[in-house]
Amino acid sequence: MSSLHPSAAGGAAATHHTVDALETFLRGVPKMELHCHLLGAVRRDTFAQLARRASLKALSAGTQAPISEADVEAFYTRGDKPVGVLRVLRALDRWLLTCPDDFHRLSYEYLQDAAAENVRYAEFFWNPTGTAHVSGLDYPSVLAAIRRAVADAQHDFGIVGRLIPAIDRDACASSANEMVQWVIDHRTEEVVGIGIDYQEAAGPPDLFVEAFATARRAGLRTTAHAGEFGLPAVNVRCAIDRLQVDRVDHGYSIVDDAALTRQALDAGLVFTVVPTNSYYLRTLAAERWAQDHPIRKMRELGLRVHPNTDDPTLHHVTPTRAWLMMARDFGYSVDDLRQCLHNGIDGAWVDDSTRRSWRTEWTAQFDALRAQHGLQ
């Protein structure tokens, strides 16, 4: 985690308890992930093996290897001013993911890694447009492979995995409509809703109103990346008002719009935040990063947030560390973290009976661990 800016003046939790004690406590807390990208969770060794396979194929064809060892090293290097991860995700689509079994492996390994951090439930994103139009793998075959991985991981590790196909906002609106129709035509319980991700400036949310309306009519839940890259709060407002999302991914620029903040508070809207977000690590001064980060202000405003890893292997973060950063860097107390737990449970796309059960059981476990570690 050396690439992450440490807070100069942590929060109440970080002040009264050592980071080691908090990390031990948070590793034991039952957690969920609501904001993680499958292609951003690829283990480095797996990526390297896929790259070697592509190199051997290129060698046999007498062409240049698409991904070198130096490329892999660069992809998994995260400095003090980290670049975005889209280049890595596009490389996977373009050169490395060549069969449905590759998606089974990636999904199974992600869920295995998450379960090792005591993540009990994970909703993760996959971009079918890139898979179909770049990798050349159709939606039904890859969906079947991911479903097998979800079942295998639940059997082997006890984690429940759910899939969120995401619109590629770098593509056109017609591709978004096409993807939503794939989801509708191949409905399955493992697919709980749709999202939208990638470059926000290239594809503002208003371009995808029709796709989201189609998804809602079909009974799918919806979320959207908005306000991720320092863009104006109008994108967050569009996601809430026009896309009518059930929750917001990132959403940081809402702190600049008092009226929209009040609207989100009144609605109890949940924001899936990412402490390791590359934009703020890159643009805020290291000595001010923790103090000026909007995640800190979101707590001060009372917004309902839940910490997530986003692209864990590329961000060099685990679910436990994401939770730890909320206290260590952004001033969240143990009581605040307890509320984050409830926010995640309320924001998850599960039935009400499961939600009530988790709220009772997970809260009891949180409180027992808190007492065991002597955390106030």
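Values below: all heavy atoms of this structure, side chains included; hydrogens, waters and symmetry mates excluded.
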State, without any angle test, whether [X] and [Y] hold a side-chain donor-acceptor pair at a distance under 3.5 Å.
X      : Y      : result
Thr214 : Arg217 : yes
Arg237 : Asn235 : no
Thr272 : Asn308 : no
Arg44  : Gln49  : no
Asp156 : Tyr108 : yes
His225 : Gln199 : no
Arg321 : Thr276 : no
His104 : Asp102 : no
Tyr121 : Glu123 : yes
Ser141 : Asp138 : yes

Compare every heavy atom of [Y] with every heavy atom of [X], then report the nearest pair and how far apart it is.
X      : Y      : answer
Ala224 : Phe212 : CB-CZ, 4.3 Å
Ala233 : Asp257 : CB-CB, 3.9 Å
Ala114 : Ile159 : CB-CD1, 3.9 Å
Thr222 : Val245 : OG1-CA, 3.3 Å
Ser107 : Phe124 : OG-CE1, 4.1 Å
Val255 : Pro294 : CG1-O, 4.1 Å

(request) Could you tell me which residues satisfy salt bridge (Lys or Arg N to Asp or Glu O under 4.0 Å) with Asp335, sequence neighbours excluded, listed by chain and number? (result) Arg370
(message) To the closest 0.5 Å, what do you measure between CG (Leu111) and CD (Gln154)?
(response) 9.5 Å
Check whether any side-chain N or O of [X] sits under 3.5 Å from a backbone N or O of [Y] as a donor-acceptor pair, and report yes or no.
X      : Y      : answer
Ser55  : Ser68  : no
Thr283 : Tyr279 : yes
Arg296 : Asp329 : yes
Arg52  : Glu69  : no
Glu33  : Thr309 : yes
Lys31  : Leu26  : yes
Arg53  : Leu96  : yes
Arg247 : Gly347 : yes
Lys297 : Asp292 : no
Arg120 : Gly158 : no

Would you say [X] has more than 12 foreign heavy atoms packed within less than 6.0 Å of its [atom1]?
X      : atom1 : result
Glu210 : CD    : no
Arg288 : CZ    : yes
Gln64  : CD    : no

(request) List the steps and the verdict of side-chain hydrogen bond (donor to acceptor under 3.5 Å, both in side chains) for Thr318 and Arg27. (result) CA-CA 10 Å; Thr318 64; Arg27 185 173 294 111; over 6 Å; no
Does any non-hydrogen side-chain atom of [Y] lie less than 4.5 Å from one of [X]?
X      : Y      : answer
Pro275 : Met326 : yes
Leu220 : Val183 : yes
Val180 : Ile184 : yes
Leu39  : Val88  : no

(request) With sequence neighbours left out, write down each residue that passes side-chain contact (heavy atoms from CB on, under 4.5 Å) with Arg359, or none if nothing qualifies. (result) His342, Ile345, Asp346, Thr363
Can you confirm if the aromatic rings of [Y] and [X] lie within a centre distance of less than 6.0 Å?
X      : Y      : result
His293 : Phe330 : yes
His35  : Phe125 : yes
Tyr332 : Trp323 : no

(request) Kindly confirm or rule out a cation-pi arrangement of Arg282 over Trp289, judged by NZ or CZ under 6.0 Å from the six-membered ring centre and within 45° of its axis? (result) no
(request) Take Phe271 and Asn343 through the test side chain to side chain contact (heavy atoms under 4.5 Å, CB included) and record every step on the way to the result. (result) CA-CA 9 Å; Phe271 293 78; Asn343 295 342; over 6 Å; no
(message) Does Gln112 form a side-chain hydrogen bond (donor to acceptor under 3.5 Å, both in side chains) with Arg43? I'd like the steps, not just the answer.
(response) CA-CA 11 Å; Gln112 181 182 25; Arg43 295 172 180 172; 2.7 Å; yes
(message) Tell me whether the rings of Tyr139 and Trp126 are parallel (<30°), tilted (30 to 60°) or perpendicular (>60°).
(response) parallel
(request) Kindly determine whether Ser253 and Asp256 satisfy side-chain hydrogen bond (donor to acceptor under 3.5 Å, both in side chains), including the steps that lead there. (result) CA-CA 6 Å; Ser253 55; Asp256 301 322; 5.4 Å; no
I'd like to know if [X] pairs up with [Y] as an ion pair, taking the criterion as any Lys NZ or Arg NE/NH1/NH2 lying under 4.0 Å from an Asp or Glu carboxylate oxygen.
X      : Y      : result
Glu190 : Arg147 : yes
Arg90  : Asp168 : yes
Arg262 : Asp266 : yes

(request) Apply side-chain hydrogen bond (donor to acceptor under 3.5 Å, both in side chains) to Asp336 and Ser333, showing your working. (result) CA-CA 5 Å; Asp336 292 328; Ser333 68; 3.2 Å; yes
(request) Mind running side chain to side chain contact (heavy atoms under 4.5 Å, CB included) on Leu314 and Arg78 for me, showing each step along the way? (result) CA-CA 7 Å; Leu314 300 175; Arg78 186 170 171 85; over 6 Å; no
(message) Run the side chain to side chain contact (heavy atoms under 4.5 Å, CB included) test on Val42 and Tyr110 for me, step by step, so that the C-alpha distance in whole Å, both residues' side-chain angles and the decisive distance to 0.1 Å come before the verdict.
(response) CA-CA 7 Å; Val42 179; Tyr110 161 62; over 6 Å; no
(request) Test Phe75 against every option in Val85, Leu92, Ile67 by the side-chain contact (heavy atoms from CB on, under 4.5 Å) rule and name the one that passes. (result) Ile67
(request) Could you check His250 against Asp310 for side chain to side chain contact (heavy atoms under 4.5 Å, CB included), going step by step and ending with a plain yes or no? (result) CA-CA 10 Å; His250 298 290; Asp310 201 3; 3.7 Å; yes
(request) Could you state whether Val236 and Val270 fall into the same hydrophobic cluster, counting links through intermediate Ile, Leu, Val, Met, Phe, Trp or Tyr residues with side-chain heavy atoms under 4.5 angstrom apart? (result) no
(request) Determine, using the 4.5 Å side-chain heavy-atom cutoff (strictly less than), whether Ile196 and Leu207 are members of one ILVMFWY cluster. (result) yes
